[in-house]
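For ligands, and for the atoms within them, numbers begin at 1 and follow the listed sequence. Each residue takes its place number in the sequence, starting with 1. In what follows, every heavy atom counts, from backbone to side chain, and hydrogens, waters and symmetry copies are set aside.
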Amino acid sequence: VVGQCCLNETIASAFLEATITEADGPLAHAALRELLADEIDHARIGWATVAATDAKTRREIGEWLPEMAVANLKMWREAPRLYGSDEELACHGAPREETVAAALLVAFRDLVIPGFERLDVSMDRVRNWLDAGAPT
Ligand SMILES: [Fe+2]
């Protein structure tokens with residue numbers, strides 16, 4: 001739940017939000033907004049599940065989060081994207097590589113870290129890793 005929903009679906013939400021900013025045209029926007037709405041719901045399942053756990057479980061989650069964060073970001077970075085950085089394709093919802101790279105880090109900084117901290121899960125190691133450039 002933590003890896004798939006809190007991390008992966010939250011990052012997917014940031015990815016789609018960034019994609020929408022580059023997309024042009026009503027069809028691309030409508031399709032991407034539908035996908036984004038789904039991903040936000042999927043992420044919320046994870047956040048709600050963690051919120052329902054006890055303090056001991058959250059401490060244990062905090063111990064595993066740095067490794068999970070690195071693994072999740074690595075997966076996103078290494079996911080094959082055949083479209084490269086084509087401006088025309090970005091207009092149709094296939095984001096440029098630099099857009100994806102930025103969205104991944106924004107997801108951790110603005111969503112994942114604050115989300116877990118709000119649930120009293122320690123994020124010091126994840127924050128240090130992110131501050132170091134999030135090496136994978
Ligand atoms: Fe999803």
Nearby protein N/O/S atoms (those under 2.8 Å) for the Fe ion (ligand 1), with water ignored: E9 OE1, E9 OE2, E39 OE1, H42 ND1
Partners of R109 by salt bridge (charged side-chain N to carboxylate O under 4.0 Å, His left out), sequence neighbours excluded? none
Please name all residues satisfying side-chain hydrogen bond (donor to acceptor under 3.5 Å, both in side chains) with S122, sequence neighbours left out, ordered by chain then number. none
Given L73, which of T136, L7, I11, V112 fulfils the side chain to side chain contact (heavy atoms under 4.5 Å, CB included) condition? T136
Could you go step by step and tell me if F15 and T99 meet the side-chain contact (heavy atoms from CB on, under 4.5 Å) rule? CA-CA 8 Å; F15 168 88; T99 301; over 6 Å; no
Mutual orientation of the aromatic rings belonging to W129 and F108 [parallel < 30°, tilted 30-60°, perpendicular > 60°]: perpendicular
Write out all pairs satisfying salt bridge (charged side-chain N to carboxylate O under 4.0 Å, His left out) with one or both partners inside residues 122-136, taking only residues at least two apart or from two chains. E67-R125, E117-R127
